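Each remark here refers to the structure printed beneath this line.
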Amino acid sequence: IKEFSNLFSAKKLGTLKTGWKVLKPLWNRTFCSINILEVQDIITGLPASTQQVVKQMFKKLEHLANGMDIIDTENADKIVVEEFAYSKKRSILEDQDIQNLKLHKGEWFVNITLVLYYTGLRAGELCMLKKTDVNLDHMTLNGGSKTRWGVHRIIPIHKEIESIMKKKKFLPIFINN
């Protein structure tokens, strides 16, 4: 990869390094001896973005090897990228962490953390809320990004954050007009 560093941007080079590291179990093998099922086994369970990087990298390597008559067929298209693959169960805040935060309710950063935790909004989504997105009568928020991974949705305001959301000081800080 170092030999090609002048051909790629720093970001792209970092992505290639990640893909290359994932394939470490195959480093001491000749390319023509690698079975596509071995690659699939290595990437299964990794985040989908990492799987996609490895698939694209392997596809380019196959194309290069085919052009050099090292292999006869290209099979990288058969690699399956799991759409919602995660290998690690993530726990951002434990129950005890939430209890500790509740002891400091009222401090602005704690209020923000609790709102993010109980609504599931991302920080950017909270900042993009408009006053019309907050319905205190029905205790709901109309928010969330319409992206590949995010869904625009109606979010109930949890009882733990009702008092925060009703405060006049909280809403104007983040809510756009």
Side-chain angles (χ1 to χ4, degrees), residues 1-95 97-98 101 109 112-130 133 140-156 158 174-176:
I1 289 183
K2 288 179 185 176
E3 296 172 17
F4 300 105
S5 63
N6 60 334
L7 301 175
F8 301 104
S9 67
K11 183 178 179 183
K12 184 67 173 178
L13 193 58
T15 302
L16 289 172
K17 285 180 181 179
T18 298
W20 189 246
K21 286 178 187 176
V22 168
L23 294 174
K24 188 174 183 174
L26 306 176
W27 285 2
N28 293 325
R29 304 262 306 275
T30 60
F31 192 77
C32 60
S33 73
I34 298 171
N35 183 317
I36 205 72
L37 295 174
E38 294 174 288
V39 176
Q40 185 70 59
D41 286 343
I42 291 170
I43 67 169
T44 298
L46 295 175
S49 59
T50 303
Q51 290 184 37
Q52 191 64 40
V53 165
V54 172
K55 179 178 180 174
Q56 291 304 316
M57 190 175 82
F58 202 79
K59 188 175 181 176
K60 289 181 190 278
L61 288 171
E62 267 192 341
H63 187 69
L64 181 64
N66 193 2
M68 297 171 69
D69 292 327
I70 296 171
I71 60 171
D72 296 327
T73 59
E74 297 180 30
N75 295 310
D77 286 330
K78 295 177 183 173
I79 296 173
V80 177
V81 174
E82 299 166 313
E83 195 63 31
F84 295 102
Y86 294 100
S87 61
K88 297 178 184 176
K89 186 174 181 178
R90 298 178 185 182
S91 177
I92 305 301
L93 296 171
E94 302 291 334
D95 291 340
D97 298 325
I98 296 299
L101 283 171
F109 60 91
I112 293 167
T113 304
L114 290 172
V115 168
L116 293 172
Y117 179 78
Y118 282 107
T119 62
L121 289 171
R122 297 174 181 96
E125 293 172 330
L126 178 62
C127 293
M128 292 176 64
L129 286 178
K130 296 178 178 80
D133 293 331
T140 59
L141 297 173
N142 185 10
S145 297
K146 290 183 183 177
T147 66
R148 182 175 177 191
W149 303 110
V151 178
H152 194 75
R153 60 204 181 274
I154 304 281
I155 304 163
H158 193 279
F174 292 98
I175 310 295
N176 296 311

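Here the structure is a predicted model, which means the values were calculated and not measured.
- Note on residues 60-76: no pairs pass salt bridge (charged side-chain N to carboxylate O under 4.0 Å, His left out), not counting sequence neighbours.
- In this structure, Leu26 and Val39 have side chains that are in contact, with non-hydrogen atoms separated by less than 4.5 Å.
- The structure places CZ of Arg122 at 11.5 Å from CG of Leu116, a figure rounded to the nearest 0.5 Å.
- Remark: Tyr118 pairs with Ile98, Lys102, Leu114, His158, Glu160, Ile161 by the side chain to side chain contact (heavy atoms under 4.5 Å, CB included) rule, at least two apart or across chains.
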For side chain to side chain contact (heavy atoms under 4.5 Å, CB included), just list the numbers for Leu23 and Met57, CA-CA rounded to whole Å, side-chain angles, deciding distance to a tenth of an Å, and then say yes or no.
-> CA-CA 10 Å; Leu23 294 174; Met57 190 175 82; 3.6 Å; yes
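- Not a single donor-acceptor pair under 3.5 Å links the side chain of Trp20 to the backbone N or O of Trp27.
- In this view, Lys59 and Asp77 satisfy the side chain to side chain donor-acceptor pair (under 3.5 Å) rule, not counting sequence neighbours.
- Rounding to the nearest 0.5 Å gives a distance of 11.0 Å between CG of Asp133 and CG of Leu126.
- The shortest heavy-atom contact between Ile70 and Cys32 is O-CB, 3.9 Å.
- The side-chain heavy atoms of Leu101 and Tyr117, taken from C-beta on, include no pair separated by under 4.5 Å.
- For Gly45 against Gln51, the heavy-atom pair with the smallest separation is N-NE2, 3.9 Å.
- Listed by first and then second residue, the salt bridge (charged side-chain N to carboxylate O under 4.0 Å, His left out) pairs involving residues 32-52 are Arg29-Glu38 (not counting sequence neighbours).
- Contact of the His63 side chain with the Asn66 side chain is not registered, since no non-hydrogen atoms from C-beta on lie closer than 4.5 Å.
- Residues Glu125 and Thr119 are not in side-chain contact: their nearest non-hydrogen atoms beyond the backbone lie 4.5 Å or more apart.
- Asp97 pairs by the side chain to side chain donor-acceptor pair (under 3.5 Å) definition with nothing, not counting sequence neighbours.
- Taking the side chain as every heavy atom from C-beta outward, Leu129 and Leu121 approach each other to under 4.5 Å.
- Distance NZ/Lys24 to NZ/Lys21: 9.5 Å, rounded to 0.5 Å.
- With sequence neighbours excluded, the residues forming a side chain to side chain contact (heavy atoms under 4.5 Å, CB included) with Gln40 are Ile43, Thr44, Ile79, Val80, listed by chain and number.
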